[in-house]
Amino acid sequence: MGNNFTRREALLGLTASAGALLAAPATATIETHVHLFDPARVPYAPDAPYKPAAYTLEDHLKLVEAAGLAHSIIVHPEPYQDDHRYLEYCFAHEPRPGYFKGTCLFDPLREDTPSRMRALADRWPKRIAALRIHEMSMTPETGGPIRNRDMKDPRMLSCWQAVTSMGMAVQMHFIPGQAPGIRTLAEKFPQTTVILDHMGRPGQGTEEEYKEVLKLAALPRVILKYSSWGEYKGDLAQLTKRIYDAFGPERIIWGTLGNTPAEYQKQAARFEELLAFASERDRANIRGGNAQRLFFS
């Protein structure tokens, strides 16, 4: 009698658990790194460093619907330089209110950058999440496309101060050799969130330089974006574990999910494979929970 009752209790418990799982909402997935291009609607800047094929808002909305994405962060791309008209078009035509947030791109050494950032943020309250800064060379550039500005320049410090005052993050797209400069600035502004794009570009520096990227995890407001895997030619599984051990599951966000449903499915399967060592809760945080808290809370 006792054994039968225990077995019945167990079966009822399993049934209840299964029902709860079926009733629970699916874990939200957030695309934290999408570039949208529509040169027919908004032409590229004359000094655009590259001119990609179109990937329009309408194209992206097909992926949003097919993959059931909760939100997307539009990372304003270099071909548009400091012309944010297409970003603003996307905000105005989002699939539902509050779906998009975005980053902006302004020259951090221009005196009028703080006022221009503020004007854009005022037009779109709580939508501009970060200023993106490109440091893809060890040689500073004083003109041309907005990239490789000297991080030791006092105007860079003033720009970070302006970003901090507006409650925005600094999003760094950089090669590993630039990690010490990022650390210097991040330590001066400990209240500012710093987002490291594309895993800190591990394939574009030495092992010693990449160790400096991972050391940025010692700063509690530094977040690493787990994205652009295809450009890394080393042992991705090993790299994933190093990143996870350094930053932990609460300070990693997933991005660059693909431009089509098929690409997204491939990326999602690869994500699960690479992070199989982590718990489902931790994977859920990286897929979307962390980004929800960072960008939408």
Side-chain angles (χ1 to χ4, degrees), residues 17-37 52-75 77 95 99-101 171 173 195-204 210 213-214 217 223-296:
S17 297
L21 285 172
L22 289 171
T27 302
T29 298
I30 295 177
E31 166 61 283
T32 65
H33 197 105
V34 60
H35 295 308
L36 297 181
F37 308 100
Y55 178 62
T56 68
L57 169 65
E58 292 73 23
D59 293 328
H60 185 61
L61 293 185
K62 295 175 185 176
L63 175 63
V64 170
E65 183 175 357
L69 301 181
H71 291 285
S72 296
I73 310 298
I74 302 170
V75 176
Y99 178 82
F100 282 128
K101 288 202 175 182
Q171 186 165 320
H173 182 215
I195 302 167
L196 309 178
D197 276 349
H198 303 326
M199 308 183 296
R201 292 285 182 189
Q204 294 178 247
Y210 196 67
V213 175
L214 296 180
I223 309 295
L224 185 132
K225 189 175 292 180
Y226 187 59
S227 58
S228 287
W229 311 330
E231 298 179 27
Y232 182 64
K233 305 305 179 186
D235 186 331
L236 186 55
Q238 182 184 70
L239 175 66
T240 298
K241 191 63 166 62
R242 290 179 71 191
I243 288 170
Y244 184 93
D245 289 344
F247 286 87
E250 302 295 331
R251 287 194 290 139
I252 302 172
I253 56 178
W254 187 31
T256 316
L257 309 186
N259 289 351
T260 67
E263 289 176 5
Y264 169 75
Q265 290 296 331
K266 182 178 179 180
Q267 289 273 55
R270 184 65 169 141
F271 175 94
E272 296 298 329
E273 177 186 349
L274 289 166
L275 285 148
F277 61 82
S279 70
E280 170 52 31
R281 178 178 180 178
D282 289 345
R283 294 198 303 276
N285 276 327
I286 296 170
R287 281 194 299 265
N290 296 336
Q292 180 72 42
R293 289 186 290 274
L294 178 61
F295 296 111
F296 296 96

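Being a predicted model, the structure only gives us computed values, none of them experimental. Heavy-atom basis, side chains included; hydrogens, waters and symmetry copies ignored.
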Working to the nearest 0.5 Å, report the span between CD of Glu272 and CZ of Arg287. 5.0 Å
To the closest 0.5 Å, what do you measure between NZ (Lys101) and CG (Leu294)? 9.0 Å
Using a 4.5 Å cut-off on heavy atoms from C-beta on, say whether the side chain of Leu236 contacts that of Arg270. yes
Could you pull out all residues at least two apart from Tyr99 that satisfy ring-ring contact (aromatic ring centres under 6.0 Å, His included)? His71
Would Leu57 and Leu61 satisfy side chain to side chain contact (heavy atoms under 4.5 Å, CB included), going step by step from the backbone distance to the final call? CA-CA 6 Å; Leu57 169 65; Leu61 293 185; 4.0 Å; yes
Is any side-chain heavy atom of Tyr55 closer than 4.5 Å to a side-chain heavy atom of His35? no
Between Phe37 and Thr56, is there a side-chain heavy-atom distance shorter than 4.5 Å? no
All heavy atoms of Pro249 vs all of Asn285, minimum pair found to be O-CB, 3.9 Å
Output side-chain donor-acceptor pairs under 3.5 Å for residues 260-268, partner residues at least two apart or in another chain, one line each.
unit_1: Thr260; atom_1: OG1; unit_2: Glu263; atom_2: N; d: 3.1
unit_1: Glu263; atom_1: OE1; unit_2: Asn259; atom_2: N; d: 2.7
unit_1: Gln267; atom_1: NE2; unit_2: Thr256; atom_2: O; d: 2.8

Which pair of non-hydrogen atoms, one from Gly258 and one from Leu63, has the smallest distance, and what is that distance? O-CD2, 3.0 Å
Mind checking ring-ring contact (aromatic ring centres under 6.0 Å, His included) for Tyr226 and listing every partner two or more places apart, or none if nothing turns up? Trp229
Here the pair of heavy atoms bringing Ile73 nearest to Thr32 is CB-O, 3.6 Å
Say whether, by atom type as modelled, one donor and one acceptor occur between the side chain of Asp197 and the main chain of Gln171 under 3.5 angstrom. no
Within the side chain of Lys225, is there an N or O that forms a donor-acceptor pair under 3.5 Å with the backbone of His33? no
Nearest-0.5 Å distance, CZ of residue Phe100 to CD of residue Glu31: 10.0 Å
Nearest heavy-atom approach of His198 to Pro202 is O-CD, 3.8 Å
Between Thr29 and Gly288, is there a donor-acceptor pair closer than 3.5 Å when you use the side chain of the first and the backbone of the second? no
Looking at side-chain heavy atoms only, is the closest gap between Leu196 and Phe247 below 4.5 Å? yes
Please enumerate all residues that pass ring-ring contact (aromatic ring centres under 6.0 Å, His included) together with Tyr244, with sequence neighbours excluded. Phe277
So, does Asn290 use its side chain to make a donor-acceptor pair with the main chain of Ile253 at under 3.5 Å? no
Hey, could you give me each pair passing salt bridge (charged side-chain N to carboxylate O under 4.0 Å, His left out) that has a residue in residues 53-75? Not counting sequence neighbours. none
Taking only residues at least two apart or on different chains, which pairs with a member in residues 247-256 satisfy salt bridge (charged side-chain N to carboxylate O under 4.0 Å, His left out)? Glu250-Arg293
Gln238 CD to Ile243 CD1 distance, which is reported to the nearest 0.5 Å: 11.0 Å
Can you tell me if Arg283 uses its side chain to pair, donor with acceptor, with the backbone of Ala278 under 3.5 Å? yes
Can you tell me how far the CG atom of Asp245 sits from the CG atom of Leu214, to the nearest 0.5 Å? 9.5 Å
In this structure, CD1 of Ile286 is separated from OG1 of Thr240 (nearest 0.5 Å) by 9.5 Å
